[in-house]
Amino acid sequence: MGTVPSTPRRSGSARPQDTAEYLIGTFVGEKSFPISSDFWHKLLELPLNLNWPSHRVRGACELFAQNNQYTKHLAKILIHLSWCLQECVSASGAPSNVYEKAVNAVYISSVFLKHLIENAKNDDIEELYLSLDEKEPIPKDFIQDENIENLVVRSVLSFISSVDVSPNTYFLHLELLNFMLIAMSTQLLCGPSPGPKDVNPFIDAAMVQDGSLVSLVVRKLLLNYISQPPFKSATYSIFYEGSQPSVLQRVGSAAANFVLLPLSYLGSSRGEGSRSPLADCSLLVLLVLIHYHKCVVSNESVTERIVDSATSDSLLKENTHFSDNPYCKALENATDFEFDRIDVEGNAHIGPVVRLPFAALFDTLGMCLADEAAVLLLYSLLQGNSDFLEYVLVRTDLDTLLMPILEALYDAPRRTANQIYMLLIILLILSQDSSFNASIHKLILPGVSWYKERLLQQTSLGSLMVIILIRTVQYNLSKLRDVYLHTTCLATLANLAPHVHRLSSYASQRLVSLFFMLSRKYNKLAELRDNKVHIAKGDSINSLSDDMSTELHIYTDFLRLVLEILNAILTYALPRNPEVVYAIMHRQEVFQPFKNHPRFNELLENIYTVLDFFNSRMDAQSTDGEWSVEKVLQLIIINCRSWRGEGMKMFTQLRFTYEQESHPEEFFIPYVWQLVLSHCGFGFNSEVINLFPVDPPVEKQENEEVVSSKYQNGELSMHGLLLDP
């Protein structure tokens, strides 16, 4: 039996620790116990208070992996876990020993299931052996052909959705959520693009559950997240035995983080904004479920006709589609429990509908948006659920959501590239609504404590949003250098522009400075291109010219977009924005070099029409001494009243919208699992992860988060489309 004892100690003086050691040793050993054997009851009813060193725990897992194909003990303990959970659900106010048995079952299952998943050879999940031998004696109440993964997933989800969280059930709820994350971690072994050959037995089982159960699960996971139930202690001996952790807690803390348990969970590094382990795990499970896409073959006969494997893979990819995700649909169709959709539209949604307290969800998200997982949940709701988007847009306290979003963008160097993208897309989605764009300029902030470069007092939320978006462009220019990020920022500013109202002096200055900043980049690129073309010889001239011309064209578009933004303000909102006029007049020299540029001349004509109008008013105004800022601004305010827009060319008003690309799963599935591994507290063997690239360990550096996600920087641009209809 290797490092695990195989000799039972049955003397009358045997201590509980000895008996526990014997039972664990027997569980991982060669002997197969029938599912109806009394061995399982002893194993699950016994407090497991062993203190094994990490090498013994690893040895136990390795021995279990060798013997499981013959003993089928993983399948059997999963069946017993299902039975324990069914008893918990059916027995109202079940005694504590029922929950203890279920906790033992899920602990043991999680430890050894995770080891098997991590160490599957050639990504062969069949090594889990989730079936019973035909000769296995079957209890009367067990169906021989029952799919074990379906049985256990249904039992776990039924418990999570139907049993209230209480001091007696808290740990079981938490460990069942951890079990679901471990069971669904087979996705880490798959490639970044879901294929028909991917094997994910547990998450696939979750996808085929009854629609009513799916709705209950989505609702309960969100309610767990909203309520943020705090960590609650219990008196179970399995959790505490003096100051010594149990054997399975040792597995969690010492044996290469085989499984996450409550004690090690609380000791792990948590995401910002986190207050409740149960709430965090609920959110992670929900994100994995709603973003899963199962790839299925459209025409199975194709595989029968093909012999060559390469040709077969190519044809399989062409003849596949993604099955519907019921959890995603349930989230998209969720409604506010204070508002009935039927009353307005006159027709009911087909199937069960998740009804949620949108007000509480809104407030919870506002408190937790420093956490990256919360940002992804907000994105998922705004992008997929029109009812929740509408609810957010009619709230009068938009600062509840916007302030933490803007603060996170202000602190961009400490955020991952993907988090920055998600935050910007959320702002872009919100900016598609004209009432939102108007209302954020009416909400005045008394101060912005986290903005350090300048004292911002009595600034509108709209002005702050403009300032932060421009600051993000500046950060991107110096650090990330990502075209998609530029485009998203500028698209949001373009949506805001026609509705700008009393933009602050600082925001107005930053807007003009944005044009100057991009123009300097444009001029450097043009000069660099000309120099390289002059130096290069032969065939290299064409390639150099093409590369530089592409980047130059991109910045030409950016400059034009900034001019479009300024034009929209001057065309539709000039009388309400004297500070913008002042900023343009103060820095009017920055526009001069581009006055005759074929891509900019039409847009600059409007700016110079405005400049001519106000400059002529200044020239006609006699003043004692020099013009002060206050005098110029007062003159602008007075003459804004007589501004009629004469001579201004009307351009089509820009309106950018966000749409997901046709295969968003190629970004979101890897992204969700990166969040899971960074938040949940248990490790996973990086050498077997195929879902996303894993960088080798490097010394910590100043911008570690940005550097570590370097390979993702261009990824989202393939999955988000900015459309200008």
Side-chain angles (χ1 to χ4, degrees), residues 4-5 16-17 19-29 31-33 35 37-52 54 56-68 71-85 87-88 97-119 128-130 148-149 151-152 155-156 159 171-172 174-183 185 202 236-239 241 245-265 682:
V4 181
Q17 289 88 343
T19 309
E21 185 160 322
Y22 164 78
L23 288 170
I24 291 292
T26 303
F27 172 72
V28 303
K31 183 177 179 180
S32 175
F33 285 85
I35 193 171
S37 170
D38 190 50
F39 163 79
W40 298 102
H41 297 288
K42 292 180 180 179
L43 177 67
L44 299 182
E45 289 175 353
L46 193 71
L48 301 175
N49 296 313
L50 295 179
N51 188 9
W52 282 1
S54 59
R56 294 196 67 196
V57 179
R58 291 191 184 95
C61 289
E62 291 167 2
L63 194 58
F64 180 81
Q66 294 173 21
N67 294 322
N68 182 55
T71 64
K72 305 294 179 67
H73 278 182
L74 177 63
K76 293 171 186 177
I77 197 168
L78 289 176
I79 292 172
H80 277 279
L81 169 60
S82 301
W83 290 345
C84 289
L85 294 175
E87 185 179 359
C88 292
N97 68 312
V98 175
Y99 294 115
E100 288 184 43
K101 285 177 61 178
V103 168
N104 276 357
V106 72
Y107 268 18
I108 298 171
S109 301
S110 296
V111 171
F112 295 101
L113 174 60
K114 183 172 186 293
H115 178 83
L116 291 176
I117 291 173
E118 274 188 307
N119 294 277
L128 299 178
Y129 298 103
L130 297 174
I148 293 175
E149 53 266 36
L151 171 68
V152 69
S155 300
V156 170
F159 180 91
F171 280 115
L172 184 51
L174 180 57
E175 292 315 313
L176 288 172
L177 291 168
N178 291 329
F179 170 82
M180 285 300 298
L181 291 174
I182 289 169
S185 69
F202 293 97
Y236 303 149
S237 58
I238 186 171
F239 299 111
E241 181 66 23
S246 72
V247 60
L248 296 179
Q249 291 165 342
R250 292 289 298 175
V251 170
S253 61
N257 290 321
F258 275 134
V259 68
L260 171 65
L261 299 173
L263 295 184
S264 62
Y265 189 97
F682 65 80

Residues two or more places apart in sequence or in another chain: which of them pass side chain to side chain donor-acceptor pair (under 3.5 Å) with Ser155? Gln86
Those residues that, when tested against Phe39, pass ring-ring contact (aromatic ring centres under 6.0 Å, His included) (two or more places apart): Phe33
For residues Lys31 and Thr71, determine if any side-chain heavy atom of one lies less than 4.5 Å from a side-chain heavy atom of the other. no
Can you list everything that forms a side-chain contact (heavy atoms from CB on, under 4.5 Å) with Ala102? Sequence neighbours excluded, please. Cys84, Leu85, Cys88, Leu172
Go through Ile79 and Ile148 one step at a time and tell me if the side-chain contact (heavy atoms from CB on, under 4.5 Å) criterion holds. CA-CA 7 Å; Ile79 292 172; Ile148 293 175; 3.9 Å; yes
List the steps and the verdict of side-chain contact (heavy atoms from CB on, under 4.5 Å) for Leu43 and Ile108. CA-CA 10 Å; Leu43 177 67; Ile108 298 171; 4.0 Å; yes
Which pair of non-hydrogen atoms, one from Tyr129 and one from Ala75, has the smallest distance, and what is that distance? O-CB, 3.7 Å
Inter-residue atom distance Asn97.CG - Glu45.CD, 0.5 Å rounding: 7.0 Å
Are side-chain heavy atoms of Leu130 and Leu74 found at a separation under 4.5 Å? yes
Can you find a heavy atom in the side chain of Leu113 that is under 4.5 Å from one in the side chain of Phe202? yes
What are the two closest heavy atoms between Ile77 and Ala105, and how far apart are they? CD1-O, 4.3 Å
Could you pull out all residues at least two apart from Ser32 that satisfy side chain to side chain donor-acceptor pair (under 3.5 Å)? Lys76
Do Leu23 and Lys42 have side-chain heavy atoms sitting under 4.5 Å apart? yes
Which heavy atom of Ile117 sits nearest to which heavy atom of Ile182, and what is that distance? CD1-O, 3.3 Å
Less than 4.5 Å apart, any side-chain heavy atom of Asn68 and any of Val28? no
With a 4.0 Å cut-off, would you call Glu62 and Arg58 a salt bridge? no
Using side-chain heavy atoms (C-beta onward) and a distance below 4.5 Å, is Glu149 in contact with Leu128? no
Taken to the nearest 0.5 Å, the spacing of Glu87 CD from Tyr99 OH works out to 10.0 Å
Provide the closest heavy-atom pair for Ser109 versus Leu81 in the form atom of the first, atom of the second, distance. OG-CD2, 4.3 Å
Any side-chain heavy-atom pair from Trp83 and Leu44 closer than 4.5 angstrom? no
Over 60° means perpendicular and under 30° means parallel, so tell me whether Phe64 and Phe27 are parallel, tilted or perpendicular. parallel
Are the side chain of His80 and the backbone N or O of Ile35 linked by a donor-acceptor pair below 3.5 Å? yes
I'd like to check the salt bridge (Lys or Arg N to Asp or Glu O under 4.0 Å) partners of Lys101; sequence neighbours left out, ordered by chain and number. none
Min side-chain heavy-atom separation Arg56-Glu21 under 4.5 Å: yes
